[in-house]
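The structure appears below as structure tokens.
For the single chain, residues carry numbers from 1 onward in sequence order. Quick note: numbers below take in every heavy atom, side chains included, and nothing from hydrogens, waters or symmetry partners.
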Amino acid sequence: MPEGDSGGSTVGRSMLATLPRTREEWEARLERLVRENRFTISVFFPLNGIVLLLASAEGLLPEPLAFNGLLILLGTAVMRSPLIVGVLPITGRRAAAGVGALTLYAYGIEYLGVHTGVPYGEFYYGVDLGPILAGVPLGLPIFFIPLVMNSYLLCLLLLGERAVRTGVRLAAVIAAVLTMDLVLDPGAVALGFWVYPGGGAFYDVPLSNYAGWIVSATVAVVALDWGYDRQALVRRLDRCEFLLDDLVSFIILWGGINAWFGNWIPAAFATLFGIGLLRTDRFDTPATERFLTRFR
């Protein structure tokens, strides 16, 4: 055997030896990666996203880069990573079943919406959001489910002991998810992510969209509430300081985009989420603290 091959095999074995071997080791490795890059993930990425998306909307980027679906999907996945990594240790079989059922629902209701206009109103996608199957973006779960989970976690923190009451908890989270869509949809429509041909009363978004979101938010919140142990989530929130960092990304990205287009009511709702997040004192890296202090 040539000497170079032996050396290459040794390097390969050394690299394999450094890889985690158990779920716990993988979770620890991923947590360390997120923890060491919190500001980059939760502030730099959404700010960069604002620049790229607005440049795409204004026709300032060449065709391969303008609204590049794979870049959008990759950027979204990176911003979602604190949430995904944060809930992994408490995602057992029941929670996985709940998320799986919710994923199937998300695909099904989106397929129905794209092809029939029910329940959100007639709409179509105006830009590439990554691979498409039967008119539905394959990345849909990573766009939708974290919105619900972020709302759920934020409400657990803000409600405190009142979150013990199921009715109060579910109502608050459903309202938070709906409010989050009041931020998301106007910004997405302004960018051209999706288009409602008939326009709408709220920044070109029809009220039927929000009626549909009440239905989907209710299904999603009930599924996650069934799947995850509430006390385990509360304990995880206490131990994992970056669990709500994805909400920071959401506030910066969609608050900034709405402000650019003059969608001041959605921008105000994004600000309210920011105030709620600041009250929980969850985002405490030195660099981010200096950044957020300017908006207090």
Below 4.5 Å, heavy atoms only, C-beta onward: do [X] and [Y] meet side chain to side chain?
| X | Y | value |
| --- | --- | --- |
| Y196 | D204 | no |
| W254 | L191 | yes |
| D181 | N209 | yes |
| L272 | T179 | no |
| L247 | M180 | yes |
| L70 | L74 | no |

For a quick test of reading the model, state the closest non-hydrogen atom pair linking [X] to [Y] and the distance between them.
| X | Y | answer |
| --- | --- | --- |
| I214 | T218 | O-OG1, 2.7 Å |
| V85 | R236 | O-NH2, 4.1 Å |
| Y203 | P186 | CB-CB, 3.8 Å |
| P82 | D245 | CB-CB, 3.8 Å |
| A270 | I251 | O-CG2, 3.7 Å |
| G86 | C240 | CA-SG, 4.1 Å |

Self-check item: For D225, salt bridge (Lys or Arg N to Asp or Glu O under 4.0 Å) partners two or more places apart
Solution: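 Only R169 meet the salt bridge (Lys or Arg N to Asp or Glu O under 4.0 Å) criterion with D225.
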
- Task: Please identify each residue that fulfils side chain to side chain donor-acceptor pair (under 3.5 Å) with R93, with sequence neighbours left out.
- Result: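 For R93, no residue satisfies side chain to side chain donor-acceptor pair (under 3.5 Å) once neighbours in sequence are set aside.
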
Is it possible for you to say whether [X] and [Y] belong to one hydrophobic cluster, with membership spreading through side-chain heavy-atom contacts below 4.5 Å?
| X | Y | value |
| --- | --- | --- |
| V234 | Y228 | yes |
| Y210 | I265 | yes |
| F193 | I50 | yes |
| V215 | W194 | yes |
| V183 | L158 | yes |

- In terms of side-chain geometry, is the basic nitrogen of E31 or R35 positioned less than 4.0 Å from the acidic oxygen of its partner?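 Looking at R35 together with E31, the answer is yes, because their closest N to O distance falls below 4.0 Å.
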
Original post:
So, R23 and E27, do they make that salt bridge, N to O below 4.0 Å?
Top reply: yes

Practice prompt. Could I get the full list of side-chain contact (heavy atoms from CB on, under 4.5 Å) partners for A175, not counting sequence neighbours?
Written response: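 Per chain and number, A175 pairs via side-chain contact (heavy atoms from CB on, under 4.5 Å) with no residue.
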
### Task
Using side-chain contact (heavy atoms from CB on, under 4.5 Å) as the criterion, list what pairs up with L61, not counting sequence neighbours.
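For L61, the residues satisfying side-chain contact (heavy atoms from CB on, under 4.5 Å) (neighbours in sequence not counted) are L52, A55, S56, L65, A66.
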
For this session: Apply side chain to side chain contact (heavy atoms under 4.5 Å, CB included) to V173 and Y152, showing your working.
Result: CA-CA 5 Å; V173 179; Y152 194 99; 4.0 Å; yes

Given 3.5 Å as the limit, does a donor-acceptor pair link the side chain of E58 with the main chain of L54, or not?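 Here the side-chain-to-backbone pair does not exist.
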
Under 3.5 Å, side chain of D229 to main-chain N/O of A232, donor-acceptor pair present?
->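 Yes: the side chain of D229 pairs with the backbone of A232.
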
- Query: F250 and M79: side chain to side chain contact (heavy atoms under 4.5 Å, CB included), yes or no, with the steps?
  - Reply: CA-CA 8 Å; F250 178 88; M79 289 185 287; over 6 Å; no

* Would I257 and L53 count as a side chain to side chain contact (heavy atoms under 4.5 Å, CB included) if you check the C-alpha gap in whole Å, the side-chain angles of each, and the deciding distance to 0.1 Å? -> CA-CA 9 Å; I257 286 173; L53 291 174; 3.8 Å; yes

Please tabulate, one pair per line, all N/O donor-acceptor pairs under 3.5 Å involving side-chain atoms of residues 133-151, not counting sequence neighbours.
from: N150; atom 1: ND2; to: P146; atom 2: O; distance (Å): 3.1
from: N150; atom 1: ND2; to: D246; atom 2: OD2; distance (Å): 2.8
from: S151; atom 1: OG; to: L147; atom 2: O; distance (Å): 2.9

For residues 119-126, which side-chain donor-acceptor pairs fall under 3.5 Å, sequence neighbours excluded?
from: Y120; atom 1: OH; to: S216; atom 2: OG; distance (Å): 2.6
from: Y125; atom 1: OH; to: E110; atom 2: OE2; distance (Å): 2.3

Could you grab the distance from atom [atom1] of [X] to atom [atom2] of [Y], nearest 0.5 Å is fine?
| X | Y | atom1 | atom2 | value |
| --- | --- | --- | --- | --- |
| L153 | L83 | CG | CG | 6.5 Å |
| L243 | L233 | CG | CG | 7.5 Å |
| L104 | I109 | CG | CD1 | 13.0 Å |
| D128 | N68 | CG | CG | 7.0 Å |
| N258 | L253 | CG | CG | 9.5 Å |
| I41 | L33 | CD1 | CG | 6.5 Å |

For R165, I'd like to know if atom CZ has over 12 heavy atoms of other residues, nucleotides or ligands within 6.0 Å.
no

- Query: Is it true that atom CZ of F44 has more than 12 heavy atoms of other residues, nucleotides or ligands lying nearer than 6.0 Å?
  - Reply: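 No, not enclosed.
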
**Study point:** Intermediate values then yes/no, side chain to side chain contact (heavy atoms under 4.5 Å, CB included), T103 and V99
**Key:** CA-CA 6 Å; T103 297; V99 172; 4.2 Å; yes

- [ ] Please check if any side-chain donor atom of Y111 sits under 3.5 Å from a side-chain acceptor atom of T116, or the reverse.
- [x] no

